[in-house]
Colleague: 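To start, I am sharing the structure in question, which I have written as structure tokens.
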Amino acid sequence: MNDTPDITTEVDRPESTDFIREIIKQDLAEGKFDRVHTRFPPEPNAYLHIGHAKALWIDYGIALEFGGKFNLRFDDTNPTREEQEFVDAIIEDVRWVGADWENRLFFGSDYFEQMYQWAIDLIKKGKAYVCDLTSEQVIEMRGAPTTIGENSPYRDRGIEENLDLFGRMRAGEFEDGARTLRAKIDMTSPNVYLRDPVMYRIRHAEHHRQGDKWCIYPMYDWAHGLEDSIEGITHSLCSLEYENHRPLYDWFLDELGIYHPRQIEFARLNLTYTVMSKRRFIELVDGGYVSGYDDPRLPTLAGLRRRGYTPEAIKDFCSRIGVAKVESVVDVAVLQDCVRGHLNKTSQRVMAVMDPLKVVIVNYPEGQVEEFDAINNPEDPDAGTRKVPFTRELYIERDDFREEPPPKYFRLAPGREVRLRSAYLIKCVDVVKDSNGEIIELHCTYDPETRGGDAPDGRKVKATLHWVAAETSLEAEVRLYDHLFAKPNPDEVEDGQSYFDNLNPDSLQIRTCRIEPGVTGAAPGTRYQFERQGYFCVDTDSTADKLVFNRTVTLRDTWAKIEKAMRKGGR
RNA sequence: UCCGGGGUCGUCCAAUGGCAGGACAACGGCCUUUGGCGCCGUUGAUCGGGGUUCGAAUCCCUGCCCCGGAACCA
């Protein structure tokens, strides 16, 4: 509270920047544009993933920073693969991540009439023609990157004939694939996208918004720049694979002489231990490797949401990874660090025992129940406290006791004293085993003087354990998630193998835990920290009778590291 | 082979001719009623070769390597 605000550190600190922001600043300085307007243009044919979130935060973040505007626009130019279901899902995801398009939700298909008129303009200029070649012929005559293409025999059709034919294409006189409208550019260009690209194809298909109003549909390259132009986009940001398309983007806009946004490309996101493509999501879902597109192991936004990730964490992640043009693979540990950071500050602590070992406090009165005040969040004093019941019979984590403790292990062991979080100091006086030698129960004594966890004589204990009362604790299902793939790069495979061979068999473990009773009735989506273990959130499968938790991420586990190092060193 | 991009710590991103810095990871320590959080520290990089310059990650030349590109997909 009495910290002196350090003004100097806030002044002159270079704000986060990247090559795109630099370009925009320069454009603004040169007067090339006098405002900033971006857009996020998903095709409604798949679920969004964390890679889309990166793009979204570049688009939206830039608009925000420059005091500009941001549009959400569905690029729905292909009727055969787009569905309303995806429109709804994408809107939900974009909203969840926190981008605000205000009242600017648009659909590329709403511009079809304008696009059609512009196509006519191009035909009139002699810059577009109706081509009767089949798709196979077009491909053949286009040539290869290393060779040049060949002109279509229909390339020099007269303007009147082109106009007539194009009108009849729209009128539905021809079958699917019978003809196309092509731009007349250069069949010898080293950039194959400039070799008379198709602008319109015939598809007698029902469009999710336009119904059967149209039977010709614009191709991406033709449509996208027009959409940007119509919306007054200043900077059209997209991923690297469109770099080769930019000359075509520019060509259409220049030939039409209409408002011309600037396209800038950046590298898309890759993450370790996962895959990031629509095709692979489909394969994983269809193959039953994951439960659906919202499986918490998938990097889809729906999956991350279900897993317990917060929009804040995702936004933080996007700003940490930056923007550049190098193909990159970001360590998923960065993402995990982001959620831990946010959840540490915000989530309520609770005690849950994953693998219960019974503890009997032999000097504690039978039938007595005490209630302790446990701190809800040490990072947030305003979070207050909660009551946790304590009884003679308790459960602790099986892993928190060792009959023969290894070096550096300072949890419970015979004769050792530890603290039960928020309760008492207890000492292990006896180990009870069954006929197989399996430990079934621990007998401990408690020190009544240590109520709350501190010893009046000032003696210290090294360990604090989480625990639950045997009887009052609840049973709950926990789903422990780990990386979907066993290798950082799932594509690193032996000959004859596929990325499926790298699936991590332990990516999901289902357990039954005992949890303190206060969580009764927690709604799906509620997030907790299970002390000493990790962050968990109530799954959508959870019911009043049966709580189900997803593990979002584990806590950092220094002891596990030490143990691992010792095991290695021991060999 | 042609066209378009790109090569900085293990990873991601800075340094815009002037001390190669930050984050994650790793390692060590301090603190701790979470082996959590926090704090401190250590390790660690300019693809190679030439050149320009007082000075090069940055500019020039050259070589090498990586990615993308031949859907009536986006």
Side-chain angles (χ1 to χ4, degrees), chain A residues 14 16-18 22 41-43 45-46 75-78 80-82 131 133-135 138-140 142-149 176-182 189-195 197-203 216-217 219-221 223-224 238 240-247 265 267 269 272 278 320-338 340-341 344-345 349 351 374-375 378-379 408-411 419-423 425 452-454 460-466 488 529-534 554-562 565:
Chain A
S16 83
T17 194
D18 53 65
E22 289 303 320
E43 183 189 11
N45 75 338
D75 203 358
D76 55 351
T77 57
N78 187 342
T80 61
R81 40 183 252 170
E82 292 151 7
C131 182
L133 256 24
T134 64
S135 59
V138 168
I139 288 168
E140 204 185 311
R142 183 155 37 220
T146 50
T147 64
I148 60 169
D176 286 4
R179 287 179 223 263
T180 55
L181 183 72
R182 291 227 257 165
S189 172
N191 182 339
V192 293
Y193 294 106
L194 260 19
R195 321 242 261 228
V198 172
M199 295 165 61
Y200 279 94
R201 74 285 215 185
I202 300 172
R203 284 261 188 295
I216 55 171
Y217 290 92
M219 299 290 292
Y220 169 85
D221 286 307
H224 203 85
C238 59
L240 247 30
E241 67 262 37
Y242 292 102
E243 216 156 13
N244 293 324
H245 297 242
R246 194 185 339 123
E265 312 83 12
L269 171 69
T272 55
K278 180 189 66 184
R320 282 204 222 178
I321 59 176
V323 188
K325 294 190 75 158
V326 236
E327 275 301 329
S328 62
V329 184
V330 176
D331 193 334
V332 75
V334 178
L335 217 209
Q336 295 179 329
D337 190 62
C338 292
R340 286 197 189 102
N344 176 50
K345 292 270 182 284
R349 271 77 220 224
M351 291 192 285
I375 292 167
E379 302 286 327
K408 291 184 189 168
Y409 183 91
F410 47 78
R411 273 112 94 148
R419 173 168 35 240
L420 293 182
R421 170 121 236 221
S422 310
L425 261 38
D454 279 315
K460 301 284 184 201
V461 292
K462 291 269 272 186
T464 300
L465 311 185
H466 60 277
Q529 184 197 96
F530 288 7
E531 289 211 62
R532 304 212 298 139
Q533 306 190 82
T554 61
L555 253 34
R556 267 200 198 79
D557 191 347
T558 307
W559 167 243
K561 241 185 225 175
I562 295 169

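Labels below follow one simple rule: chain letters A, B, ... track the order of the sequence lines, proteins then strands, and each chain is numbered from 1. All figures in this text were calculated on a predicted structure; none of them were measured in a lab.
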Colleague: Under the ring pair (Phe, Tyr, Trp, His ring centres under 6.0 Å) test, which residues partner A:His466, sequence neighbours left out?
Modeller: none
Colleague: Using side-chain heavy atoms (C-beta onward) and a distance below 4.5 Å, is A:Thr180 in contact with A:Tyr200?
Modeller: no
Colleague: Taking only residues two or more places apart in sequence or in another chain, which ones pass side-chain contact (heavy atoms from CB on, under 4.5 Å) with A:Glu140?
Modeller: none
Colleague: Name all residues meeting the side chain to side chain donor-acceptor pair (under 3.5 Å) criterion together with A:Asp337; count only those two or more places apart in sequence or in a different chain, and write none if there are none.
Modeller: A:Arg320, A:Arg556
Colleague: Considering only the C1' atoms, how many Å lie between B:G38 and B:C60, rounded to the nearest integer?
Modeller: 50 Å
Colleague: Contact class for A:Tyr217 (heavy atom, under 4.0 Å): base, sugar-phosphate, or nothing?
Modeller: nothing
Colleague: Is the backbone N or O of A:Gly453 less than 3.5 Å from a side-chain atom of A:Arg419, with the two atoms forming a donor-acceptor pair by type?
Modeller: yes
Colleague: Considering only heavy atoms from C-beta outward, does the side chain of A:Pro197 approach that of A:Asp221 to under 4.5 Å?
Modeller: no
Colleague: Mapping A:Ile562 and A:Arg246 onto RNA chain B by nearest heavy atom, which one lands closer to the 5' end?
Modeller: A:Arg246
Colleague: How would you label the contact of A:Arg195 with the nucleic acid (heavy atoms, under 4.0 Å): base, sugar-phosphate, or nothing?
Modeller: nothing
Colleague: Would you write out the dot-bracket form of RNA chain B, 5' to 3', with Watson-Crick and G-U pairs under 3.5 Å, [ ] for crossing pairs, | for pairs to other strands and . for unpaired bases?
Modeller: .((((((..((((....[..)))).(((((.......)))))....(((((..]....))))))))))).....
Colleague: List the atom pairs, with distances to 0.1 Å, where a side-chain N or O of residues 325-333 of chain A and a protein N or O form a donor-acceptor pair under 3.5 Å, not counting sequence neighbours.
Modeller:
residue  : atom : partner  : partner atom : Å
A:Lys325 : NZ   : A:Glu243 : OE2          : 2.4
A:Asp331 : OD1  : A:Ala333 : N            : 2.9

Colleague: Please state the P separation for the pair B:G28 and B:G5 - nearest whole angstrom.
Modeller: 46 Å
Colleague: Holding to ring pair (Phe, Tyr, Trp, His ring centres under 6.0 Å), I want the full list of residues that pass it with A:Tyr409, two or more places apart in sequence or in another chain.
Modeller: A:Trp559
Colleague: Using a cut-off of 4.0 Å between protein heavy atoms and nucleotide atoms, how would you tag nucleotides 16-25 of chain B 5' to 3' with B, S and -?
Modeller: B------SSS
Colleague: Using a cut-off of 4.0 Å between protein heavy atoms and nucleotide atoms, how would you tag nucleotides 64-74 of chain B 5' to 3' with B, S and -?
Modeller: ---SBBBSBBB
Colleague: Do the side chain of A:Gln533 and the base of B:U34 come within less than 3.5 angstrom through a donor-acceptor pair of N or O atoms?
Modeller: no
Colleague: Sticking with atom C1', work out how far B:A20 lies from B:U16, rounded to a whole angstrom.
Modeller: 14 Å
Colleague: Going by atom types alone, do A:Glu22 and A:Thr17 pair a side-chain donor with an acceptor below 3.5 Å?
Modeller: yes
Colleague: Find which nucleotide of RNA chain B each of A:Ile375 and A:Thr272 is nearest to by heavy atoms, and output the residue with the more 5' nucleotide.
Modeller: A:Thr272
Colleague: Would you please name every residue forming a salt bridge (charged side-chain N to carboxylate O under 4.0 Å, His left out) with A:Arg203, sequence neighbours left out?
Modeller: none
Colleague: How is A:Val329 classified with respect to the nucleic acid when contacts are heavy atoms under 4.0 Å: base, sugar-phosphate, or nothing?
Modeller: sugar-phosphate
Colleague: Quantified in whole Å, what is the P atom distance between nucleotide B:U8 and nucleotide B:U46?
Modeller: 10 Å
Colleague: Would you please name every residue forming a ring pair (Phe, Tyr, Trp, His ring centres under 6.0 Å) with A:Tyr193, sequence neighbours left out?
Modeller: A:His245
Colleague: As a test of reading the structure: which of B:C12, B:G6, B:U34 is closest to the side chain of A:Arg349, going by heavy atoms?
Modeller: B:U34
Colleague: Provide the distance between the two P atoms, one in B:U34 and one in B:G22, to the nearest whole Å.
Modeller: 30 Å
Colleague: On a whole-Å scale, what distance lies between the C1' atoms belonging to B:C37 and B:G18?
Modeller: 40 Å
Colleague: Using a 4.0 Å heavy-atom cut-off, does A:Asp454 contact any base of the nucleic acid, only the sugar-phosphate backbone, or nothing at all?
Modeller: base
Colleague: Polar atoms only, N or O, under 3.5 Å: list the protein pairs with nucleotides 42-45 of chain B and their distances.
Modeller:
none

Colleague: Indicate yes or no: at least one non-hydrogen side-chain atom of A:Met219 is less than 4.5 angstrom from one of A:Thr77.
Modeller: no
Colleague: Under 3.5 Å between N/O atoms: give me all the protein pairs with nucleotides 28-32 of chain B, atom names plus distance.
Modeller:
none

Colleague: Tell me, with the steps shown, if A:Arg421 and A:Glu531 meet side chain to side chain contact (heavy atoms under 4.5 Å, CB included).
Modeller: CA-CA 9 Å; A:Arg421 170 121 236 221; A:Glu531 289 211 62; 2.3 Å; yes
Colleague: Please work out if A:Tyr409 contacts a base, only the sugar-phosphate, or nothing of the nucleic acid, heavy-atom cut-off 4.0 Å.
Modeller: base
Colleague: Say you pick atom C1' in B:C59 and the same atom in B:C72; how far apart are they, in whole Å?
Modeller: 47 Å
Colleague: For a quick check of understanding: with a heavy-atom distance under 4.0 Å over all strands, which category does A:Glu243 fall into, base, sugar-phosphate or nothing?
Modeller: sugar-phosphate
Colleague: Would you check if there is a donor-acceptor pair between the side chains of A:Ser189 and A:Asn191 at a distance under 3.5 Å?
Modeller: no
Colleague: Expressed as a whole number of Å, how far does the P atom of B:C47 sit from that of B:A56?
Modeller: 15 Å
